[in-house]
Amino acid sequence: MTVPVALTIAGSDSSGGAGIQADLKTFAALGVYGASVITALTAQNTLRVSGIHQVPAEFVTAQIDAVFSDLAVGAVKIGMVAQLASIDAIAAGLKRWSPKLVVLDPVMVATSGDRLLAAEAVDALRGKLIPGASVITPNLPEAAALLDEPVAETEAAVENQGQRLLGMGCRAVLIKGGHAQGAESIDYLFEANRTLKLAAPRIATQNTHGTGCSLSSAIAAGLAKGEGLETAVRNAKAWISAAISAADRFSVGHGHGPIHHFHKFY
């Protein structure tokens with residue numbers, strides 16, 4: 001049996017709700033075989049990030065080469081990169097192995113508010129990873145941080161930021177609306193010749209830990225299965241909405257709990 005393969009390059013979340021763990025759960029839930037390259041270990045739970053141990057860049061390189069030299073990777077998801085040296089290693093690895101489909105989630109801050117990307121690495125993220133991405137998936141604060149400006153509060157401002165992020169060299173931009181207000185959560189997908197508004201009802205829950213990681217990995221899973229970008233994004237958004245809706249079925253931790261990745265199964 002041939003199964004699509006997706007690779008996540010991200011940090012480990014010891015509480016299991018975000019990062020590598022969330023990505024692998026997402027891949028499995030969507031019928032894709034998941035491989036991983038770990039960039040950092042976090043001591044983390046639903047309340048806070050209490051420590052980060054960065055993986056040496058040369059070992060990030062070793063993991064990348066080990067996976068690509070053996071597995072037929074259909075799509076790559078990049079999440080927490082943590083430091084400048086890791087960005088350099090990832091950029092070099094992608095150039096060496098030339099994956100066709102790359103989803104970049106510019107993870108800067110955890111749901112708890114803790115910073116996950118060194119300030120000096122932001123320029124490298126802009127210049128070395130964004131230009132090679134098939135799609136980047138910032139939320140509203142991340143889009144603003146990438147552009148060094150305030151968070152967009154109007155549709156016109158979101159569209160302006162989306163177009164300028166496209167100008168950084170990626171093929172598409174998905175700005176996520178989860179941090180906005182209103183009855184609907186509206187995501188905006190920007191491509192060279194069109195903009196799509198994707199709305200879903202806003203769900204009242206505090207269990208949103210790992211939502212961004214899981215959405216980007218769901219898009220990567222769809223792309224690995226051969227879906228076009230719009231289809232992959234629509235399917236991922238529908239899946240993540242259902243996973244958030246089902247998050248209150250169980251209680252995990254005392255803060256922002258995880259979404260229910262396997263809501264289709266139990």
Side-chain angles (χ1 to χ4, degrees), residues 6 8 10 13 15-19 21-32 34 46 75 77 79 103-107 109-112 134-143 151-152 155 158 162 172-191 195-225 227-253 255-266:
T8 169
D13 172 6
S15 71
Q21 288 84 347
D23 295 340
L24 293 177
K25 289 174 184 178
T26 300
F27 293 159
L30 295 174
V32 171
T46 63
K77 174 264 171 80
V103 179
L104 172 61
D105 187 25
V107 177
V109 178
T111 303
S112 59
S134 306
V135 59
I136 65 172
T137 62
N139 57 33
L140 287 166
E142 289 162 348
V151 174
E155 182 173 310
V158 173
V173 176
L174 180 71
I175 296 184
K176 300 171 294 189
H179 286 74
Q181 302 298 316
E184 289 186 318
S185 175
I186 302 175
D187 298 345
Y188 294 81
L189 178 63
F190 301 91
E191 296 181 273
T195 299
L196 294 176
K197 288 175 60 175
L198 306 170
R202 192 174 298 280
I203 300 161
T205 177
Q206 73 165 3
N207 295 328
T208 55
H209 185 56
T211 303
C213 303
S214 302
L215 177 64
S216 57
S217 53
I219 295 170
L223 294 176
K225 291 191 286 189
E227 296 172 359
L229 179 61
E230 180 184 343
T231 298
V233 169
R234 288 186 182 278
N235 287 343
K237 188 170 174 66
W239 177 82
I240 202 78
S241 293
I244 296 170
S245 293
D248 292 341
R249 287 186 196 167
F250 48 57
S251 176
V252 177
H256 291 283
I259 64 172
H260 192 348
H261 292 87
F262 298 105
H263 55 274
K264 290 184 179 180
F265 305 100
Y266 66 90

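None of the values given here were measured: they were computed from a predicted structure.
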Are any of the side-chain heavy atoms of [X] and [Y] separated by less than 4.5 Å?
X	Y	value
Leu174	Leu215	yes
Gln21	Ser15	no
His209	Asp13	yes
Thr137	Ile219	yes

Looking at [atom1] of [X] and [atom2] of [Y], how far apart are the two atoms once the value is rounded to the nearest 0.5 Å?
X	Y	atom1	atom2	value
Ile136	Ile175	CD1	CD1	7.5 Å
Ile259	Thr208	CD1	OG1	9.0 Å
Ser216	Ile240	OG	CD1	8.5 Å
Thr211	Ile244	OG1	CD1	4.5 Å

Non-neighbouring partners of [X] that pass side-chain contact (heavy atoms from CB on, under 4.5 Å), sequence neighbours left out:
X	answer
Glu227	Lys225, Thr231, Ala232, Asn235
Lys197	Glu155, Ile186, Tyr188
Ala218	Thr26, Leu30, Ala236, Trp239

- [ ] Mind running side-chain contact (heavy atoms from CB on, under 4.5 Å) on Lys176 and Ser185 for me, showing each step along the way?
- [x] CA-CA 8 Å; Lys176 300 171 294 189; Ser185 175; over 6 Å; no
Task: Within residues 257-266 or reaching into it, pairs that qualify as side chain to side chain donor-acceptor pair (under 3.5 Å) - sequence neighbours excluded - done: Ser214-His261
Taking all non-hydrogen atoms of both residues into account, name the closest pair between [X] and [Y] and its distance.
X	Y	result
Val151	Pro141	CG2-CA, 3.9 Å
Phe27	Ala220	CE2-CB, 4.3 Å
Ala200	Lys237	CB-CE, 3.8 Å
Ile203	Ser245	CD1-OG, 3.1 Å

- [ ] Go through the structure and list residues passing side-chain hydrogen bond (donor to acceptor under 3.5 Å, both in side chains) with Glu191, not counting sequence neighbours.
- [x] Arg194
Task: Residues which pass side-chain hydrogen bond (donor to acceptor under 3.5 Å, both in side chains) with Asn207, listed by chain and number, not counting sequence neighbours - done: Asp248
Open item on the list: Can a donor-acceptor pair be found, under 3.5 Å and without considering hydrogens, that links the side chain of Gln206 to the backbone of Gly257?
Closed with: no
Open item on the list: Has Lys77 got a side-chain atom pairing as donor or acceptor with Ala10's backbone, closer than 3.5 angstrom?
Closed with: no
